[in-house]
Structure formats: structure tokens, C-alpha cells
There are 2 protein chains.
Amino acid sequence: MSRSTPSSRSSGSVTLSDVAKLAGVSPITVSRVLNRPELVTPDTMEVVREAIARTGYVPNMLAGGLASKRSRLVAALFPTIASSMFAETMEALTDRLGEAGYQVLLGLSGYPAAREDDLLEAILSRRPDGILLTGIVHSASTRQKLLAAKIPVVEIWDYTPTPIDMLVGFSHERVGEAVGDYLIAKGYRRLAMIGGDDDRAMQRRKGFLSSLAGHGIEDVPTMAIPAPGSLRTGRQQMARLLDEGHRPDAVFCNSDALAQGVLAEAQSRGMSVPGDVAVMGFGDLDFSPYTFPALTTVRIDRRGIGRIAAEAMLARMEGRAGPEKVLDVGFEVIEREST
Amino acid sequence: MSRSTPSSRSSGSVTLSDVAKLAGVSPITVSRVLNRPELVTPDTMEVVREAIARTGYVPNMLAGGLASKRSRLVAALFPTIASSMFAETMEALTDRLGEAGYQVLLGLSGYPAAREDDLLEAILSRRPDGILLTGIVHSASTRQKLLAAKIPVVEIWDYTPTPIDMLVGFSHERVGEAVGDYLIAKGYRRLAMIGGDDDRAMQRRKGFLSSLAGHGIEDVPTMAIPAPGSLRTGRQQMARLLDEGHRPDAVFCNSDALAQGVLAEAQSRGMSVPGDVAVMGFGDLDFSPYTFPALTTVRIDRRGIGRIAAEAMLARMEGRAGPEKVLDVGFEVIEREST
DNA sequence: ACTGTTAGTGTCAGCGCTAACGCGAGCTTC
DNA sequence: GAAGCTCGCGTTAGCGCTGACACTAACAGT
């Protein structure tokens, strides 16, 4: 029964001072036990640990972050996590940063990246120690806010030699080229493409078309749909493609989900894959080896991107010299039965 | 060039006081413009807004949260987001809470919920205004920490009449029963089940077996695999089931991804679905209407759960009277071609 | 004229924590 | 044995913001 009259503003919950009193040390010593244990003798540590356990103390990182200017928070912006494309990158990121004592604040920017700017402002008001963005950024105001925040920035899932700060990704244009080259080499000549309308899909399209143009193929029907593509939209677009009279011998889909839809539509029309039409996806999602026929696709190391991005960010936040600032993780064409 | 000597600890970035000076008002007025605009005259507001824009001021919610005891942060714990099962719930939650000015801190507890307790502690140290948990909680220490935090708690994706605080979910046991009843009614008698080993999958199994027992069916081979199930593990388990000599006429899979694997394995062995074996899934993921044959499954309103949970949480955080504390969103058996 | 009320703004103190520096004890060094 | 060092801990002063309350002006009611 304490007779002290706590100010009306106090929260009533256990604070670091309460722990310090119980342990018979000063508050800063408790702080050190928690954050810089190497500065404290084992005896003191023991006493303080005991006091923490008895009081059930839970640190207040709002206060800690305000005082130290380190929130131990990292923000990550993704267009969506409902496609497993980004979800796994997010998981790998969260795992690695979690080990190092950081938490990840997830921002979902949506596909037309409509409110990206507002979202970024909301996120920066949490004073994250680092920020990860999906895609390379274009809006000048976004760029400027990021620079003003003076924190490590990692851009992922895309490639540019001149990122805002650091980058872990790959060239979507080269993916498109590789797919074009691959399909040409397999002997396909009447190509078509079904893809999302986001920047990265457009880059893949550009590479694809340029590869084909290099082989004298110019008329390539391209169906664009709002990202992210799904099995349903893939099926619809394949139907439209065929209904419009196109007879492609190979279709490049901008995601494995789309490709699955294309397979479904082809099969429902009695077309054999790859006999009547070959199908190629992008992403190598977990179901892709098991579709009928198994899907030829482009593999991206999704977890690897998250893990490497986390590593790069940690290096910078902890003042270590990180690996290179720009890392191209590449990609791999995985040949299966559908081509 | 200011001659003031800022303390060595100041961050150098624009603060609310800087804005106040430029606008010729007191700091609290700037605070009110941002947080309680109804208390300020339009003229003042105009001047302050102008000053905010000119300085590029970004509020510091660490400081704001510390002073006001409202972090405007909501924590959400999921076992994983790599399965679209939870990803959509998370998206719906984030969307609704984002509209109301809250951000969502994502915690990934993993499937054996190994570090749930540590994760919870890390999360509570951010002083979230509310917390959402997937599944109903069992660990006493987790329960106690949640109660001690004195914040709204919403448990989702499960059902109990006695949640810690609020609940938005459905009964997995009743799902199992409904599936059992459905398959029996369709005339299947040699049933089997392939499922994850997590609590909720076990509940579905329990309901399934109890329904079958009610019809005199006792020997039901059950394959348990580590959650979350995938197409690959589904295929493996179906192979094992058959290789062990079982000849089920219907298989209930604990997720649509597993069911897709079962379909693949059956087809690769030349078995027709549902002729030789019927397959039923759980979840109604976006690909499920498009598998071959289209998958009979159990639909859960995944986005609805997120939206309703957000609504319930907001009501409590804003002191409004929320809807009921326990909401059973139910489920729906979706009959397609695979049964 | 006096009191009461309301709207708009300001003053003050403090939320819970940590950076920076201070200080004494125990040691080494020459 | 005085100076200098290291180690472990304490004192002080904020970090940037908002709650509580104070104050003033304008107006209404009696």
C-alpha cells in the first residue's frame, strides 16, 4: 500500500523506476540491464532481473524510442500480401529482423500505389529505424520524404543501378527477355502475353517484346489486366484472347496464378498443353510443380530477397559496413512440362 | 542562420514547436490542429497548416503516444501470412484500421506457436491500443499478460463462448461435422482425412470423426502433417494413404491447398475424381472454383473476419459500445464437381 | 452592473525512458 | 605515493508531445 500520490497522468502500470526501487538501484542501471548488459556486473544483473520478474515489468518502447531516437521498428511497404509472391519475402524479413530485436510495421500500398504518399507519412511518424519499399520509387515527394528521414532505405523486387539508398532485386526486363529467348529456342513463334498493368509487369513485357522483335516477331497480342493477376482473371483473359481469334502457340503469363487460369481455360476447350498451346508463368509458386501439366516458370528467390534485405538493413542500422548497396539476386527459368 | 544552440540531444528535425513558432501560436495549438481540429478556428487552422507545409513537419508519434497513452497502433498475431488464408484477413483488418488512423503491427507466431509468449512481450512493449490473436489462447502466461495490458483483445478464426475479451470466428468442430454429414449424405462411406496438426485442424478432425461415428463409421484413416499444409504435402499424403492400401471413396482435406495436391496425386494415378475418389477441401481459396474438377470446399468469409474484428476493436478503442462480444461468422459448404 | 457561460488559446508539468557526464573505488604505472 | 586509468553505477536533463487547467474575450441573462 504505497502512500505516494502518483500524478493523475501516470498510467498506473509498472515502470522502470518501480523496478529500480525494488532492486535498490537507480533507473539507469535497470535500463542497462535490459539494453547494454555488458556494462553491468553479474550480481547487479541478478538482483535487477529478479525485480523485473517480480513486478512483471514490460518496457515502454515509446518512451525508450523517444529518448534514444531508436524505435527498433522497421517499416515495410508492399502492394499486397494476399499473393504469396510478397508474403514470403515479408516473412523472411520479419524473421531475420525479429531475431535482431526489431519489429516490422507492415504498410499495404495497394496496387495503383494510390495512397503511397499518405501511407509513407503515417509510417514515418512512427520514426522507423529503416524502411523497405517494394519497387523502385518514382514520386518525387516520396523520394524527398525518404531522403529527409535520413534512415536506411532498401528497395526490393526491382532493379536500377541508382536506387535511393540500397537495393535487392532483379531486372524484370531481363526476365522478359529470358522468357522470350527461351520460348523462341523451343521453337514457338506465335507468342502472346497476359500480364498485370503494374510497372514491373510492364518491364517484363518490354523485355519480352524486345527479345521477340530481335527474332523478327512483331505482332504479339498482349492482354493487360489490373494487378494482381489471379487464376480467375488469367482464365478470362485466355478466353478473350482465343475468342478474339488469336491462335498463339505459346502464352507468357505474368504470374503463375494467371498461368494456372490459362491452363484451366485451355483444357476446358479441349486444347492440349503444350501440344496446342504452351504456357509459361512467373514466380514459381509452391503449386507450380504440381499443376497439369507442371508449369514452366521463372523462379525468384522470394525468401532470399527478404533475408538479404534484412541483412543489409541491419548492417546499416548497427553501423556496420554492409554488403554491396545494389544486389541483383537474378532469376532462373525453370523448365517443366507446360512448354 | 539561427543562433540558438540546440541541445546536443535534439534530433535536428522539425518539431511541433518549430511549426508553432513559424505560425506564431503555441505548440498546443498546433497539436490541436492535427488531432482535434474542431477546437480551433478556421483562421488559426489555416495559418498552422501553412506552417506545417512550409516546414515539412512530420509528427512524432512516439512522443505523442507517450504523452497521450494512445499509440494508435494495433497488434495482430497470425501463425503465417504465406497462406492466403490469413493474408486476406490481415489485409481487411489493415484497411479498416488504416481508415481510422491506426496502423497494424504484424506478429508472426509460426505454427507450433513456439515463441508466442516472447513475441507478445515484444509487442506489448510498443503499447498497442488493441490486439488481435489468431485462435483462442491457452497458455496461462499469455492470457495473464493480455489481461494485465488492459487493452481490447479480439480472438479470431476460432470459437469459444468464453473468449478473453472479444471474438470473431466460427466453430471448427462444426465445420468437421458439416463436412462429415455432407459426405455421408452424398453416399460416401469409406472416408479418409488429411490434415494439419494444429489445434484448429484437430477440432475439425474431431467434428468430422464424430459425425461419421454417428453413422456407424469408425475406421477413418487420418494423415496428420505439420501445418500449414501445401499442395506438395497433400500430394505426398495421398500417395501414402493409397500406398498403405487404403481405398477411400472420399477424402476430406484440411485446406484447399492440400486438396489440390490430392487431386494431382489421384489424377497422376489415373483415378477419376469424383468417380474413384471424391475430394473436399477447406477454405475456398481463389483457385478452388478452377481446379479440375472444381473443388467442393468450405467457405469462410476471410475478409469479413478481418473487417468485423477491426470494427469491434475500433468501437472499444473509441469508447463506443461495440457489437456483441462473441460473433460466430459461420461457414458454408460449397458444392462443386469434386464430390 | 454583475455573474455565468462558452469558445479559443496559452502555461505548465510530466509521460517513461536514456545520453552524457560525473564520481568514487580499485587498480596500474613509474 | 601521486597521477592516471578502468570499471560500475548514479545524477541530471531532456527527447517531443499532450492532459489538465488557467486565462481572456465576447456575449447572454438577470
Side-chain angles (χ1 to χ4, degrees), chain A residues 4-21 23-48 51-52 55 57-73 101 124-127 129, chain B residues 4-21 23-48 51-52 55 57-73 124-127 129 149:
Chain A
S4 71
T5 37
S7 142
S8 61
R9 291 189 64 184
S10 98
S11 63
S13 75
V14 182
T15 71
L16 187 135
S17 297
D18 298 332
V19 174
K21 259 173 233 154
V25 298
S26 78
I28 193 75
T29 299
V30 179
S31 169
R32 287 200 265 250
V33 167
L34 292 169
N35 301 314
R36 317 206 37 200
E38 73 278 10
L39 297 180
V40 162
T41 55
D43 287 0
T44 311
M45 192 137 111
E46 174 69 18
V47 177
V48 172
I52 289 173
T55 52
Y57 173 63
V58 177
N60 184 332
M61 294 185 81
L62 296 178
L66 177 61
S68 69
K69 315 220 161 304
R70 301 192 57 215
S71 61
R72 298 197 151 272
L73 211 53
L124 289 178
S125 72
R126 306 273 174 198
R127 296 292 188 270
D129 293 339
Chain B
S4 71
T5 36
S7 142
S8 62
R9 292 189 62 186
S10 96
S11 64
S13 75
V14 183
T15 71
L16 186 135
S17 297
D18 298 332
V19 175
K21 258 174 233 152
V25 298
S26 77
I28 193 76
T29 299
V30 178
S31 170
R32 290 202 264 250
V33 167
L34 292 169
N35 301 313
R36 318 205 38 200
E38 73 278 9
L39 297 179
V40 163
T41 56
D43 287 1
T44 311
M45 191 137 112
E46 173 69 18
V47 177
V48 171
I52 290 173
T55 52
Y57 172 64
V58 177
N60 183 332
M61 294 186 83
L62 296 178
L66 178 61
S68 68
K69 315 221 162 302
R70 301 194 56 215
S71 62
R72 298 197 151 271
L73 211 52
L124 288 178
S125 72
R126 306 273 175 198
R127 296 291 187 271
D129 293 339

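Below, chains carry the letters A, B, ... as their sequence lines are ordered, and counting in each starts from 1.
Look at B:S68 and you won't find any side-chain N or O under 4.0 angstrom from OP1 or OP2 of D:dC17.
An angle of 30°, rounded to 10°, separates the two end axes of the helix from C:dA1-D:dT30 to C:dC30-D:dG1, each defined over five pairs.
Comparing D:dG8, D:dC17, C:dT11 against the side chain of B:S26 picks out C:dT11 as the nearest. Nearest to the side-chain atoms of A:V40 among the listed nucleotides D:dC9, D:dC17, C:dT9 stands D:dC9. Side-chain atoms of B:T15 lie closest to D:dG16 of the nucleotides D:dG16, D:dC9, C:dT18. Proximity note for A:T44 (side chain, C-beta onward) versus D:dG16, D:dC9, C:dT18: the nearest is D:dC9. Checked against D:dG16, C:dC17, C:dT9, the side chain of B:L66 finds its nearest nucleotide in D:dG16.
Applying the side-chain hydrogen bond (donor to acceptor under 3.5 Å, both in side chains) rule to B:T44 yields the partners B:T41; only residues at least two apart in sequence or on another chain are considered. Evaluation of the side-chain contact (heavy atoms from CB on, under 4.5 Å) rule for A:D18 yields A:V14, A:T15, A:K21 as partners, not counting sequence neighbours. Under the side-chain hydrogen bond (donor to acceptor under 3.5 Å, both in side chains) criterion, A:R127 pairs with no residue at all, not counting sequence neighbours.
Within the 4.5 Å cutoff, side-chain heavy atoms of A:P37 are placed close to those of A:M45. Put simply, the side chain of A:V40 does not reach to within 4.5 Å of the side chain of A:V48, judged on heavy atoms. Contact annotation: the side chain of B:S26 approaches that of B:T29 to within less than 4.5 Å [non-hydrogen atoms, C-beta and beyond].
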**OP:** Please report the C-alpha distance between A:V25 and A:V33 in whole Å, then the side-chain angles of each, then the deciding distance to 0.1 Å, and finally whether the side-chain contact (heavy atoms from CB on, under 4.5 Å) criterion is met.
**Re:** CA-CA 11 Å; A:V25 298; A:V33 167; over 6 Å; no

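Note: B:S125 OG to A:L62 CG = 8.5 Å, rounded to the nearest 0.5 Å.
Residues from residues 28-37 of chain A with heavy atoms under 4.0 angstrom of DNA chain D, sorted by number: A:I28, A:T29, A:R32.
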Atom pairs, protein N/O to nucleotides 25-28 of chain C N/O, distance under 3.5 Å:
none

